[in-house]
Amino acid sequence: MLRLVRLAGCALDLWRMRGATMVALLERLKIKDVNPGACTGPDGWIADPRGERLDSFNPATGERIASVVQATPAAYDSVVQRAVERFRTWQMVPAPKRGQFIRDLGSALREVKEPLGQLVTLEMGKITAEGWGEVQEMIDICDFAVGLSRQLYGVTTHSERPGHRMYEQWHPLGPVGIITAFNFPVAVWSWNAAIAAVCGDTTVWKPASAVPLCAIAVQHIVNRVSADHGLDGVFNLVIGPGTGVGERMVNDSRLPLVSFTGSVIQGRRAAELIARRLGRAILELGGNNGLIVTEDADLALALRAILFGAVGTAGQRCTTTRRIIAHRTIAADLTRRLVKAYEQVTIGDPTKDGVLMGPLVDEQAVEATIAALDTIRAQGGEVLVGGRRRPELGPCFVEPTIVQMPRQAPVVREETFAPILYVMEYDALDEAIAIHNAVPQGLSSAIFTTNLLTAERFLSAIGSDCGMANVNVGTSGAEIGLGFGGEKETGGGRESGSDAWKLYMRRQSNVINWSGELPLAQGIEFGS
Ligand code: NAD
């Protein structure tokens, strides 16, 4: 049977933390007690002794930093049940009041931005500045959601029938499943959860198995805010494998919407299962992001954008720049400058100042990178810089790599989740756009040009086929204000800003007749 564990006095032996850093971080996050990986609120940590352990590692050192008890099927069930029960009352809380809860969540996140960002670095491996950036995104989306809580607008329109009024309104949808990828251990949850909460939904979060500690830390923060509001069950957590807990979620008709962030291969499977039960899915899947550099581009600007886009997060962003399509007249110059910049990238401990690139997430990712480089060479790619693993730095380090690549090589069509950048050349703009669009994914794209006509063509219907298209801005590093997501195999989902909130609500069309007559639409006469 399940055992509900109160936080006070909860056994510490569930986590085996090494090193003062981790202990100090947890203290700064005000996490005194450590818990199993399922939770429904302040007093809702669930310990099921049958739950399997999940170890979490620091990818920079290979050191184990935590051991978490994963949710069993019974624990999963009671978490979802709690989310269902809470939804009944949460949906009736006025939206601006729901916004106050999110405003306080944003304040709580501001207080812990530094240690939470450091925890992201420690568990996922991105450099500290990027870890903090991720928490800043959480704060930003909370701000956005607070404003949104007073702007869940529906439209009104005029009826063809006299004495009738027509309008649309948006109702809360239900408990929402959130399945997230390892590379944004906290921000992607917030894009979904903050918006879903002001929309009147409750959420059940399954984080990636590489980063359970970040999720548990977030749940602690959420729990403190929930306790202040006398709430539980709005934000819920279940930690477990994709094939176990993840598949349970996509098959669970108690979750009318599942927001899935991850690879195309797993997203496709999730989408099929959700569709089978006629559920709703938000799919945020892999990217293969291209950046065109024209003959008139500001090369210094392009260089900086490419460096951040291709090397940032060690090439493990969905929006990572993976393909440079450079005009033949500037390609050699740009490539030479890029190679020089790559040679100066400091790789190493992501917590250290001056380090630009940390480790990959695990040793499997290193193996995949090395295998991809073999394929790249076999398909005619010439490695210009990088291309090696760096075991002396730790188990998960590789060098950022630039490859001169034949554009028709099949491997270019794949997303290799590593810091590998392909450079290809073009002569005419339409050719560049064709090369750009010739991949199955459609997330983020960019062009560097000083020519207005070129920029407009890239942004036009016959330009980039991606969900996001930028001019003189790189492919990665989106703000929260716009809808985030991509086309084609990236899945078509939109999250975060703009009107992405509509996906978390159900639309109702209403007609009110105050005429005292019963005219039928389309002028139909039926009986007398
Ligand atoms: P992944 O597909 O291996 O896992 C993603 C999540 O899905 C994890 O929580 C995992 O446990 C879960 N999962 C796996 N199999 C499942 C199944 N059958 N049913 C339900 N859940 C399942 O991806 P990853 O390696 O964690 O992340 C990297 C990938 O995510 C890359 O392809 C990257 O481009 C993509 N990504 C996309 C976006 C976006 O917004 N488009 C953002 C971040 C990452």
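Start at 1 and go down the list; that is how both ligands and their atoms are numbered.
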Between Q151 and W501, a side-chain donor and acceptor under 3.5 Å: no

Cationic N near anionic O, under 4.0 Å, D77 to R82: no

Distance in Å, E114 CD paired with L116 CG, rounded so as to fall on 0.5 Å steps: 11.0 Å

Atom 20 (C) of ligand 1 [closest protein heavy-atom partner, distance rounded to 0.1 Å]: G246 C, 3.3 Å

Closest protein heavy atom to atom 24 (P) of ligand 1, given as residue, atom name and distance to 0.1 Å: F182 CD2, 3.7 Å

Protein contact to atom 27 (O) of ligand 1 [nearest heavy atom, distance to 0.1 Å]: A181 CB, 3.2 Å

Closest protein heavy atom (residue, atom, distance) for atom 15 (N) of ligand 1: Q266 OE1, 3.2 Å

Check: F184 ring centre within less than 6.0 Å of W189 ring centre: no

Side chains of N192 and E495, donor plus acceptor under 3.5 Å: yes

Proximity to ligand 1 by part of E415, non-hydrogen separation under 4.0 Å: side chain

Between F484 and W191, ring centroids under 6.0 Å: yes

Salt bridge flag under 4.0 Å for residues E284 and R494: no

Which residue and heavy atom of the protein sit nearest atom 36 (N) of ligand 1, plus the separation: C318 CB, 3.6 Å

Between T475 and N289, a side-chain donor and acceptor under 3.5 Å: no

Short side-chain donor-acceptor distance under 3.5 Å, T319 and S444: no

Which segment of T180 sits under 4.0 Å of ligand 1 when only heavy atoms are counted: backbone

Test item: side-chain donor near acceptor, N236 and T40, under 3.5 Å: no

Per-residue contact class, E284 against ligand 1 - non-hydrogen pairs under 4.0 Å: both

Distance-only polar pair, side chains of D140 and Q136, donor-acceptor under 3.5 Å: yes

Heavy atom of the protein closest to atom 4 (O) of ligand 1 (residue, atom name, distance): G262 CA, 4.5 Å

Top protein contact for atom 11 (O) of ligand 1, by heavy-atom distance: K206 NZ, 2.8 Å

Ligand 1-proximal atoms of L285, by part, heavy-atom distance under 4.0 Å: backbone

Sidechain N-carboxylate O distance under 4.0 Å for R317, E130: yes

Close approach of P207 to ligand 1, heavy atoms, under 4.0 angstrom: yes

Ligand-side contact atoms (ligand 1) for residue partner E247, heavy atom cut-off under 4.0 Å: 17 (C), 18 (N), 19 (N), 20 (C)

Subset of ligand 1 atoms that lie under 4.0 Å from at least one heavy atom of S263: 1 (P), 2 (O), 23 (O), 29 (C), 30 (O), 32 (O)

Residue part near ligand 1, for F184, under 4.0 Å between non-hydrogen atoms: neither

Enumerated ligand 1 atoms positioned under 4.0 Å from heavy atoms of N183: 43 (C), 44 (C)

Location of contacts on T261 toward ligand 1, heavy atoms closer than 4.0 Å: both

Heavy-atom nearest neighbour in the protein, as seen from atom 40 (O) of ligand 1, with distance rounded to 0.1 Å: F484 CE2, 3.1 Å

A270 contact mode with ligand 1 (heavy-atom cut-off under 4.0 Å): neither

